[in-house]
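Whatever order the structure lists them in is the order used to number ligands and atoms, beginning at 1. A quick note: this is a predicted structure, and the numbers were derived from the prediction, not measured. Numbers here simply count residues along the sequence, with the first being 1.
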Amino acid sequence: MTTATPPFAITLPADRQQRLQFMRSLFTSHTGDDLTQAWPGGRAEGLRRLAKMQPLAYGKNRNFLGGQVTRLSPYLRHGCLSLGEAIQATKQLASSGADKLLFEFAWRDYWRKVWYANGHAIDSDMEPEKVRLRREALSTDLQEAATGLPCMDHFVQTLKQSGYLHNHARMWLASYMVHWRGVDWRAGASWMQRLLLDGDQASNNLSWQWVASTFGSKPYFFNKENLSKYSANQFCQHCQAACPFDDSYEALSDRLFEPSSAPVKIYQKPTHKPRPSIVGQHTVVLFHDEMLSSENACYAMPHRQVFVFDPDLQQEWALHRLQFIADCLMEMPEVEVWVGHTSDVLESLGAANIVTQNTPNLTLKGLLQAYQVDYLAEPLAYDAELANKITAKDLKRFSKYWAIVGSAILRQAAN
Ligand SMILES: Cc1cc2nc3c(=O)[nH]c(=O)nc-3n(C[C@H](O)[C@H](O)[C@H](O)COP(=O)(O)OP(=O)(O)OC[C@H]3O[C@@H](n4cnc5c(N)ncnc54)[C@H](O)[C@@H]3O)c2cc1C
């Protein structure tokens with residue numbers, strides 16, 4: 001994505017192959033493979049996946065790489081579906097026995113609330129590290145799937161090719177990088193977020209911190225037995241590498257971890273300077289990347305509607321992620337699609353007032369500082385009264401948050 005050119009509007013080709021090609025030629029600096037057939041973007045595909053969920057099987061086998069996971073995350077991340085819809089659909093498919101899936105949906109809501117409450121602080125250590133972290137750069141062999149470990153190299157290749165990884169594979173890969181290879185969790189997190197179709201600052205950064213031990217009481221690590229069991233032995237079977245995971249938890253813990261008394265590490269985020277004055281007079285509805293559905297409340301508004309591919313927001317995202325967004329936008333014909341800096345686009349449209357959906361994304365909010373912005377509440381996963389009961393203290397740990405909302409999510413009636 002270029003930063004210097006004036007903003008311009010684009011028309012996305014209706015034909016999918018042409019659209020993929022169009023996006024590739026438009027965003028030449030974005031690396032990565034084309035979006036695969038398996039991941040069409042948009043609400044229609046999200047709804048199809050909702051209908052195919054298997055909540056009971058999920059409860060039994062979700063930790064296995066071949067388990068019945070939903071693959072809903074990119075659709076939830078981009079607002080093609082709301083969490084409330086996913087919870088309702090789950091209850092419709094299984095009036096009982098769906099607790100595990102509902103519990104996992106709640107994790108997404110939990111991380112998001114932590115983001116709302118802490119803003120840019122989620123990019124720094126949330127708590128002191130519980131074990132000494134080496135915090136090194138991400139080496140090339142890790143990024144290029146050339147570690148010589150068939151399991152880890154497979155995860156990296158899958159991520160780069162498809163933009164998706166099973167949760168257990170994300171945990172193993174993050175743990176390998178942080179605890180075996182000494183990678184700074186922030187370097188690992190930003191690399192992974194660039195490649196993921198569901199890349200999300202809260203779910204991603206806070207999961208990496210949970211693995212590292214800066215948002216949890218201990219580090220997450222695993223051994224060969226665990227990896228082999230949940231991957232159906234597919235990597236270990238023919239593996240010739242010297243396995244760094246082949247030991248008991250006690251022995252690995254002794255080898256990997258030293259206690260730490262290092263203080264919390266805070267990193268400064270560069271701030272964007274707001275524009276001094278706004279001369280426009282129109283109201284513009286701005287669709288950002290968390291609200292890509294024609295069912296979004298903003299879509300019914302009578303004002304001009306725009307989405308902007310903005311280098312300040314998506315500079316480093318892999319090509320397949322931008323193509324996924326293009327698929328989503330094809331289902332939203334009322335929305336004009338632009339490329340450029342958001343503020344330049346809004347200026348060229350003569351905007352003075354902006355309507356958009358609320359977000360914990362302070363980078364986006366920073367870009368809109370010079371405008372009068374009406375932030376509409378995002379769809380809630382459960383009723384507002386309950387949401388208002390959650391305090392900052394309840395967000396210290398998922399278990400505290402779950403104690404407030406869990407029973408309501410589990411019993412939420414399907415209509
Ligand atoms: C290191 C690491 C990085 C991660 N980065 C992201 C990210 O950038 N974006 C993202 O959406 N998720 C992230 N997750 C969480 C989780 O791995 C994915 O949400 C999940 O694997 C997506 O696949 P699925 O839709 O098939 O999930 P399922 O297992 O089918 O779960 C259903 C839905 O529940 C939610 N969910 C499930 N597990 C989690 C979890 N642990 N945390 C938060 N939400 C969860 C997701 O919205 C998911 O779509 C990360 C986890 C780890 C360990």
Side-chain angles (χ1 to χ4, degrees), residues 38-39 45-46 49-50 52-87 89-90 93 98-115 122-123 138 152 155-156 158-159 162-179 183 185-216 219-222 230 289-290 316-318 321 324 361 381 398 401-402 409:
W39 289 100
E45 176 64 17
R49 288 176 190 228
L50 269 192
K52 290 181 76 176
M53 288 188 300
Q54 299 191 39
L56 302 183
Y58 182 91
K60 296 193 180 104
N61 62 23
R62 65 174 281 274
N63 281 325
F64 290 85
L65 294 191
Q68 303 298 320
V69 293
T70 63
R71 290 178 159 74
L72 279 172
S73 49
Y75 304 88
L76 291 166
R77 160 63 182 84
H78 294 100
C80 307
L81 304 170
S82 71
L83 212 45
E85 282 180 298
I87 292 172
T90 304
L93 288 166
D99 297 12
K100 196 63 202 151
L101 181 52
L102 296 169
F103 184 80
E104 294 305 324
F105 284 138
W107 269 102
R108 177 174 166 74
D109 184 58
Y110 170 67
W111 294 136
R112 193 162 177 80
K113 287 202 163 37
V114 175
W115 191 13
I122 69 165
D123 303 332
L138 190 65
M152 296 301 147
F155 300 147
V156 172
T158 306
L159 180 59
S162 70
Y164 177 81
L165 263 193
H166 185 283
N167 181 59
H168 222 150
R170 296 183 202 207
M171 288 162 59
W172 291 326
L173 184 57
S175 179
Y176 171 63
M177 287 185 170
V178 172
H179 298 309
V183 172
W185 70 260
R186 294 172 71 246
S190 78
W191 167 82
M192 188 177 269
Q193 200 183 324
R194 290 201 293 272
L195 293 166
L196 283 169
L197 285 179
D198 63 27
D200 176 87
Q201 213 168 321
S203 288
N204 188 59
N205 278 7
L206 296 168
S207 294
W208 276 83
Q209 296 216 46
W210 176 82
V211 167
S213 79
T214 55
F215 197 21
Y220 167 77
F221 69 113
F222 62 95
Y230 290 106
D289 58 39
E290 295 174 350
E316 295 182 318
W317 291 8
R321 178 89 178 266
F324 182 92
N361 184 340
F398 178 81
Y401 154 92
W402 184 248
I409 290 182

Asks: What residues form a salt bridge (Lys or Arg N to Asp or Glu O under 4.0 Å) with K60, not counting sequence neighbours?
Replies: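 In terms of salt bridge (Lys or Arg N to Asp or Glu O under 4.0 Å), with neighbours along the sequence ignored, K60 is linked to no residue.
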Asks: Less than 4.0 Å between a side-chain N and a carboxylate O, is that true for R170 and D198?
Replies: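 Yes, D198 and R170 are salt-bridged.
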Asks: Among R77, R321, H78, which residue satisfies the side-chain hydrogen bond (donor to acceptor under 3.5 Å, both in side chains) criterion with D289?
Replies: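 That would be R77.
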Asks: Could you verify whether a donor N or O on one side chain and an acceptor N or O on the other, from D109 and Y401, lie under 3.5 Å apart?
Replies: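 Their side chains do contain a donor-acceptor pair, which is all the 3.5 Å distance test asks for.
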Asks: Looking only at side-chain N and O atoms, does H166 offer a donor or acceptor that is under 3.5 Å from a partner on R62?
Replies: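 No, no side-chain donor-acceptor pair sits under 3.5 Å.
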Asks: What is the ring orientation for W39 with Y164, classed by angle as parallel under 30°, tilted 30 to 60°, or perpendicular over 60°?
Replies: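 The arrangement is tilted - the two ring planes meet at 30° to 60°.
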Asks: Compile the protein residues with any heavy atom at a distance under 4.0 Å from an atom of ligand 1; present them by chain, then by number.
Replies: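 Lining ligand 1 at under 4.0 Å, by heavy atoms, one finds Y58, V69, T70, R71, L72, S73, L76, L101, E104, F105, W107, R108, W111, Y164, L165, N167, R170, M171, A174, M192, L196, D198, G199, D200, S203, N204, S207, W208.
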